[in-house]
Amino acid sequence: MNPIDVINSKKQHLARYANENGSNGELVTIELNENWIPRPKGNELKLLLLALKEVGIIIKRSSFDALSIPKGISIDFNDLVSIKASLSNITFIEIKSANQDRVKKDFSGFFFALTENEIKAAEALGDRHQVALYNKKTSEVLMTSVVEIINRAKSSTWQVSVQL
């Protein structure tokens, strides 16, 4: 392999695994669903997590990417009372995206990671937690759950992630 091939191979690898690439997939997926909104930020997110905590559900802010809110329901995420009134109608969505050619129409070949926080959120929220698998090559979305993913998985690799 010559040096230019090594550089090009590295660029392809980085394009597949860069966080920005994943974020772009999240934004596109949210835009494809008219009743989805991005995860609230700042005080709005703090109030949403507080509303969940008050009903016994404790999840991390990083355990979901979007919210699905049924048409006709309006929530003021700056108002704890408004959030609590509609909490049972909110579905928490974790988005995973892929752009590899190996991903088939049935989403076999789709490779991604589930964090401990995402798995715990799925357990705590039950049916109100979903995973959206987004194929960037075909623009197809498969709605599924952590349980369905684990049951369907052909393999799994465990890792420890650290931040220094």
Pairwise distance [atom1]([X]) to [atom2]([Y]) - rounded to 0.5 angstrom:
X: Leu49; Y: Ile58; atom1: CG; atom2: CD1; result: 10.5 Å
X: Thr144; Y: Phe110; atom1: OG1; atom2: CZ; result: 11.0 Å
X: Ile37; Y: Ile30; atom1: CD1; atom2: CD1; result: 9.0 Å
X: Thr91; Y: Met143; atom1: OG1; atom2: CE; result: 8.0 Å

Counting only heavy atoms not in Glu123, do more than 12 fall under 6.0 Å of its CD?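 No, not enclosed.
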Does atom CG (Asp127) have a neighbourhood of more than 12 heavy atoms from anything else shown, all under 6.0 Å?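 No, not enclosed.
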Taking all non-hydrogen atoms of both residues, which atom of [X] and which atom of [Y] are closest, and how far apart?
X: Asn89; Y: Pro70; value: O-CD, 3.2 Å
X: Trp36; Y: Ala66; value: CE3-CB, 4.5 Å
X: Ser82; Y: Ser74; value: OG-O, 4.2 Å

Check the pair Arg128, Leu87 against side-chain contact (heavy atoms from CB on, under 4.5 Å), reporting the backbone distance first and the verdict last. CA-CA 10 Å; Arg128 292 186 299 149; Leu87 197 55; 4.2 Å; yes
Would you say Val147 ends up clustered with Leu142 if hydrophobic residues are merged whenever their side chains have heavy atoms under 4.5 Å apart, either directly or through other cluster members?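 Unlinked, Leu142 and Val147 end up in two clusters.
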Are Ile149 and Val141 linked, directly or through other ILVMFWY residues, by side chains that come within less than 4.5 angstrom of each other?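 No.
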Criterion side-chain contact (heavy atoms from CB on, under 4.5 Å) on Phe92 and Asp65, from CA distance to verdict: CA-CA 8 Å; Phe92 295 75; Asp65 299 310; over 6 Å; no
Using the side-chain contact (heavy atoms from CB on, under 4.5 Å) rule, take Val131 and His129 through it: C-alpha gap first, then chi angles, then the decisive distance, then the call. CA-CA 7 Å; Val131 180; His129 184 277; 4.1 Å; yes
Ionic contact status for Lys120 with Glu118, cut-off 4.0 Å: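 No.
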In plain terms, say whether Glu44 and Arg39 are close enough for a salt bridge, that is, a side-chain N and a carboxylate O under 4.0 Å apart.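 So Glu44 does not pair with Arg39 through a salt bridge.
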Counting C-beta onward and ignoring hydrogens, is there a side-chain heavy-atom pair between Phe64 and Leu48 closer than 4.5 Å?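 SC-SC contact between Phe64 and Leu48 confirmed.
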Run the side-chain contact (heavy atoms from CB on, under 4.5 Å) check on Leu125 and Leu52 step by step: do they pass? CA-CA 9 Å; Leu125 292 163; Leu52 285 168; 4.1 Å; yes
